[in-house]
Amino acid sequence: MFIDTFILAFRQIRRNLLRAFLTMLGVIIGVLSVIVMIAIGNGVKENIQNQIKSLGSNIIMVHTARGFGSGGTMLKRNFSQNEVAILKRNLGIVRAVAPVASNEALVRYGGKNAQVQINGVDKDYLIATMWKISVGREINEREYEAGVRVCLIGTSVVSELFDKQNPLGAQIRIKDSICEVVGVLESKGQGGMGNDQDNVILIPLKTYSKFVFGATSTFFISRIMVSLEDGVDSTMGAARLREIMLQIRPPQEGQRERFEIWDTKEMARTMEETTKTMTLFLGSIAGVSLVVGGIGIMNIMLVSVTERTREIGTRLAIGALESEVLMQFLVESVVISMLGGLIGIFLGFFAALFASFKMGIPFVFDWWVALGAFGVSALIGIVFGYLPAKKASMQDPIKALRYE
């Protein structure tokens, strides 16, 4: 009997295909919207995780704090190598302490040029960032200490300047200084701020200060990357780091600290929580259209009951039970809603894939969300189809047969 009821439901839907599709439309849009919003939220979350991982393992960043001097001018005092040395001596819970001096410069090779991020680093930088060399070799300790004019370049620099040529051994010009390419860094892709992490050249810190940018002050290091040992809690590490930095750079009376500490793990957790909240919020808004779709199903089913009053009267008159009539209309409602859910999942998959591609984020399709959306669509059919089905089952056979 149950199978017969489904057959009757499909037969009725086939008789009014356009009306059935328009009835499903609200459910289709609702399921599609929920799936796309959740997929985008999950993609953004994974993108944030990947970007944080690309910085390195258990990283804490120390930045110089900005302040205002006389006349409202912006002041920013960079770090010195002496301050970095004190930090290295006193901070015993770290794998690496990597000072970084950064600036943009025009880089030329042959007849080509490109604007590139130039980072002056020491031997700890690749350890802290866990950055590997894809071609060539690393800069050795002697070259770091002597300030030899050698460099490591990112894959975007290779594409811009060398096309299909082998960059190893090439003499590239950074501003007015020549550097020899000794290695190519593995690709890291887009950074947290949308920047291209591969559009970079790494040179020894001494080379950076002496030859390329000619630092006139010992305070030329823009940030310090601290990679904690495995198992060290980043919150504890950040507290210990702040304690030492306060000794190195004690704040003047009535003024704020002259440095900023960014715990990348804490930043990742905060951003993930924010993304999760926004995803749930957007998913809830999208879910409202499912309710609207349910109301549409109820309205159409009420119209259908009115149109088929004589059919209902005939069935009741020849011995059909009220429960059988109720089941027939309820199954029709559920089938319409479930078909809408299936179409919504199908369209949602490709819409989420397209949105992820356009936004440049990983495509993360949650099949549990799709299954949940399908279940909710079936529930919508039951909840909003019950009233019309109950109305059909309560018809008086005699009055229904007389209905024009």
Side-chain angles (χ1 to χ4, degrees), residues 52-67 75-103 117-131 138-147 152 191-192 197 200 202-210 212-213 215-253 255-269:
I52 295 296
K53 285 178 184 175
S54 73
L55 291 174
S57 174
N58 213 0
I59 290 286
I60 299 175
M61 310 275 284
V62 187
H63 289 263
T64 54
R66 288 180 170 85
L75 298 176
K76 180 184 175 183
R77 188 187 183 194
N78 287 330
F79 301 109
S80 69
Q81 286 182 290
N82 184 50
E83 288 176 321
V84 174
I86 295 171
L87 194 60
K88 285 185 176 184
R89 282 199 304 270
N90 292 279
L91 197 59
I93 54 174
V94 298
R95 178 188 290 113
V97 176
V100 182
S102 294
N103 226 318
Q117 180 77 28
I118 312 298
N119 286 350
V121 299
D122 69 5
K123 59 186 177 59
D124 280 352
Y125 182 79
L126 293 183
I127 299 170
T129 57
M130 300 175 69
W131 211 339
E138 295 182 10
I139 300 171
N140 61 46
E141 193 166 351
R142 184 193 64 80
E143 290 167 332
Y144 279 120
E145 289 177 357
L152 304 172
Q197 294 186 98
V200 68
L202 305 183
I203 60 178
L205 207 55
K206 285 187 178 179
T207 308
Y208 178 97
S209 63
K210 286 171 63 178
V212 181
F213 290 98
T216 56
S217 167
T218 57
F219 296 91
F220 66 92
I221 295 167
S222 54
R223 66 183 183 274
I224 304 169
M225 302 180 69
V226 178
S227 176
L228 301 175
E229 292 282 5
D230 292 335
V232 175
D233 179 62
S234 62
T235 305
M236 186 189 77
R240 175 63 180 151
L241 182 57
R242 175 170 276 106
E243 182 184 326
I244 297 171
M245 286 303 301
L246 284 171
Q247 295 172 14
I248 297 172
R249 287 195 165 191
Q252 296 177 5
E253 189 176 348
Q255 292 188 353
R256 55 177 286 189
E257 294 173 356
R258 294 188 291 163
F259 57 88
E260 294 176 353
I261 293 177
W262 297 0
D263 181 353
T264 55
K265 280 194 172 179
E266 189 59 39
M267 288 168 60
R269 281 193 290 267

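Predicted model, so just to flag it, every value in this text is computed and none were measured.
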(message) Apply side-chain contact (heavy atoms from CB on, under 4.5 Å) to residues Y144 and V121 and explain how you reach the verdict.
(response) CA-CA 8 Å; Y144 279 120; V121 299; 4.2 Å; yes
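Considering only residues two or more places apart in sequence or on other chains, Q81 meets the side chain to side chain contact (heavy atoms under 4.5 Å, CB included) condition with L205, F220, I221. When the side chain to side chain contact (heavy atoms under 4.5 Å, CB included) test is applied to E83, the partners found at least two apart in sequence or on another chain are F79, S80, F219, I248, R249.
Side-chain contact check for K88 versus I224: every heavy-atom pair is 4.5 Å or farther apart. Side-chain contact between Y125 and I139 is absent, with no heavy-atom pair separated by less than 4.5 Å.
Y208 contributes a side-chain N or O that, together with a main-chain N or O of S102, makes up a donor-acceptor pair within less than 3.5 Å. Not one N or O on the side chain of T64 forms a donor-acceptor pair closer than 3.5 Å with the backbone of F259. Judged purely by atom type and a 3.5 angstrom limit, S222 has no side-chain atom pairing as donor or acceptor with the backbone of N78.
Summarising the geometry, atom CD belonging to Q247 is positioned 7.0 Å from atom CG belonging to N90; distances are rounded to the nearest 0.5 Å. Remark: M61 CE to L241 CG distance equals 12.0 Å, nearest 0.5 Å. A distance of 9.5 Å separates CD1 in I59 from CE in M130, rounded to the nearest 0.5 Å.
Across L228 and R95, no two heavy atoms sit closer than the pair O-NH1, 3.4 Å. Minimum heavy-atom separation, I127 to A96: CG2-CB, 4.0 Å.
Between R240 and E243 there is a salt bridge, with a side-chain nitrogen of the basic residue lying less than 4.0 Å from a carboxylate oxygen of the acidic one.
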